[in-house]
Visitor: 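I'd like to ask you about the structure that follows.
Keep in mind that what you see is a predicted model, and the values were worked out from it rather than measured.
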Amino acid sequence: MSYETKNIRNICFMGHGNSGKTSLAESMLFTTGAIDRMGKVTDGNTVCDYDAEEIKRQITIATSVAPVNFGGCKINVLDCPGYFDFVGDVLAAIRVVETGIIFCSAKDGITVGAERSWKYLKAAGVPAMFYISKIDEEHGDYYAVLSALREKYGAAICPVMIPMSDGTGVIDLVHNTAYQTKGGKTAKVAVPAADADKVEEMRMELMEAAAVTEELMEKFLDTMELTDEEIVVGLKAGLAERSVVPVVCGAAMSNIGTEAVLQAVCDYVPAPEDKSDEPVCGFVFKTVSDQFGKYSFVKVVSGKITADLSLRNVRSSSTDKLGRLYTICGKKTTEVKEACCGDIVAVGKMDWKTGDTVCDPKNEVELPALEMPDPCYSMAISPKTKGQDDKVAGGLARLNEEDVSFTLVNNAETHQMVISGAGDIQVDVLCAKLKSRFGVETELKPARVAYREKIKGKVEAHGRHKKQSGGSGQFGDVWIRFEPQDEQDDMIFAEEVFGGSVPKNFFPSVEKGLRNAVQKGVLAGYPLVGLKATLYDGSYHPVDSNDMAFQTAARLAYQDGIPKAKPTILEPIGLLQVTIPDANLGDIMSDISSKRRGTVLGMNAEDGMQTVEAEVPMAEMSSYTIDLRSMTQGRGSFTCKFIRYEEAPGNVQQKVIEEAKALAEAE
């Protein structure tokens, strides 16, 4: 079935884990006849949570697409993860929808996930709706949640649905009709007498909220009345400009309210911008590479994508003829011939990555890249079986095509592969996928910190290399002054040789020997920085002196002099910016200063949140993601960026030296 752009609706389900997102997607598919039986998250048989890790953990890990056909509209439902570790998928989904629906359960109210979802949508300028879920649960209170939403987000909050007082359905305030559900089947009925007064009162508020245009405002002030059609027009305009935030409700597991929510989506959610007449352009917002094949999910931003088209990938500068096109519902694929402007389509077997722009080769345009939060949780990853490092790196490179929010760095200095992501759950899931998809088991350890060494004293040292073993020998003899300098990290080499005691042609040999030597400090083997080395005397042999002999002599001088020049260990310091609710300020300040050896520099308050700025040793930050989540119940967020090295306290230096010694012995 083909659709026009005006009949497409793209929405994403957002909010805390276990707030009912996947269940509503399931209920929508069941209500519209796409599936004949509703699955449950707890049973591991829902359409959207089909990945083995999702079934095992009973959480959504990656955004799933579930197209729903209702009332002449194609509604592309993007079911997003609720755990913050998978925020990359949420941000990618926001890029391709016209409205985000934020979930709050009737029992739990406004959760951290709902708060964050609101911030993400606001930052992206994408319209928002709220869905109050699980209205049939014991101790659930729709009106308490509605009141909390109004208190937090103001007059823009606009209920368009309320629960029926007898618990059997919902009332659509706009169309003044009820949707009663019995035995999973829903029927439209008149508003019950018991709810009539409440509905009348709330409809009046609704008309006022819907009078967003000058024309509607004039009519409402004149007559104190708007028709249902005018309310729909007003709410749609208000939602598009974020001045109205409609609130819907339901109980997905009982199928209560689902049909009314579908109607609300068709009525209020803006259609994508119609750029059908422009050259084709698409945005790749999701990539799946699993046992079912490789698929790239594309939002058609302009033009039309057809199965025989050739598209240019702007990132890779390659033009490829498309493989087959599909609509995908969970893991079920249906082949299609085309996708109109505004629609979402999956393309098989393309070498595309999440965040790519694909377009008409004759009209190259590049859409803004996906902006991901900096990864803030890092662990060293290694195979359990030696010799499988390439398998780990290759598997993670494939997984990175799907999830661009994590990074993998091969740290040459610490000789570790370091994986960095949003949190421990994300990294744990990646390790599980490495095992299930690529057959390689891994282990995680805290990533080693890249320390530095430096001298604090000045010393003069002698290095003499003499070797005679039949035939020509080797001879190099140098005197070098070592002292600290703060001009640059790299060693500064100078010479003050008089009278040719060391010929000029051997100066580069001495410098090379020293540059090799400073790669390894004398305390714990970390690079030595901020050194000035001055060659001021020495001697040579006209036959036996050569490049290698003077390199060796320089290294011997280094080994002799540096231990006497008050060597010390420097640790990396990071600039920490942590944003937390006001209530957590005391705990966070105490944790920074007492547990992490940090220094608080200042604070900024905004919108009930505090941003604390501090300098903290990077060595104390490895578990901060987990600790902050625990201290703030998930409401805190932070960034920590390296700024400089400074001398570590004596007890820390001793520990670093002992660890380096133990590591050397183990190797």
Visitor: Judged by modelled atom types alone, do Asp79 and Thr22 share a side-chain donor-acceptor pair under 3.5 Å?
Guide: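 Side-chain D/A pair, Asp79 to Thr22: present.
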Visitor: Between Asp49 and Gln58, does any side-chain donor sit less than 3.5 Å from a side-chain acceptor?
Guide: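 Absent: no donor and acceptor within the cut-off.
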Visitor: Do Ser254 and Asp136 meet the criterion of a side-chain donor-acceptor pair at a distance under 3.5 Å?
Guide: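 Yes, Asp136 and Ser254 have a side-chain donor paired with an acceptor closer than 3.5 Å.
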Visitor: Between Glu273 and Ser302, is any side-chain donor less than 3.5 angstrom from a side-chain acceptor?
Guide: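 Per modelled atom types, Glu273 and Ser302 side chains form no pair under 3.5 Å.
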Visitor: Examine the side chains of Asn45 and Tyr50 and answer whether a donor and an acceptor come within less than 3.5 Å of each other.
Guide: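 The answer is no; no qualifying pair exists.
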Visitor: Does a donor on one side chain sit under 3.5 Å from an acceptor on the other, for Thr287 and Thr354?
Guide: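 Thr354 and Thr287 do have a side-chain donor-acceptor pair below 3.5 Å.
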Visitor: Lys435: which residues meet the side chain to side chain contact (heavy atoms under 4.5 Å, CB included) condition with it, sequence neighbours left out?
Guide: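 With sequence neighbours excluded, Lys435 shows a side chain to side chain contact (heavy atoms under 4.5 Å, CB included) to Glu441, given in chain and number order.
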Visitor: Indicate whether the side chain of Ser27 and that of Asn255 have a donor and an acceptor atom separated by less than 3.5 Å.
Guide: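 Judged by distance alone, the side chains do pair up.
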Visitor: If a pair satisfies ring pair (Phe, Tyr, Trp, His ring centres under 6.0 Å) and one of its residues is in residues 94-114, list it, with sequence neighbours excluded.
Guide: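 As it turns out, the ring pair (Phe, Tyr, Trp, His ring centres under 6.0 Å) pairs with a partner in residues 94-114, which skip direct neighbours, are Phe13-Phe103, Phe103-Tyr131.
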Visitor: Between Ser19 and Ser105, is any side-chain donor less than 3.5 angstrom from a side-chain acceptor?
Guide: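 Absent: no donor and acceptor within the cut-off.
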Visitor: Give a yes-or-no answer on whether the side chains of Glu26 and Thr46 include a donor-acceptor pair shorter than 3.5 Å.
Guide: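 No, Thr46 and Glu26 have no side-chain donor paired with an acceptor closer than 3.5 Å.
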Visitor: Verify the distance criterion only: is there a donor paired with an acceptor across the side chains of Asn176 and Asp228 at less than 3.5 Å?
Guide: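 The answer is no; no qualifying pair exists.
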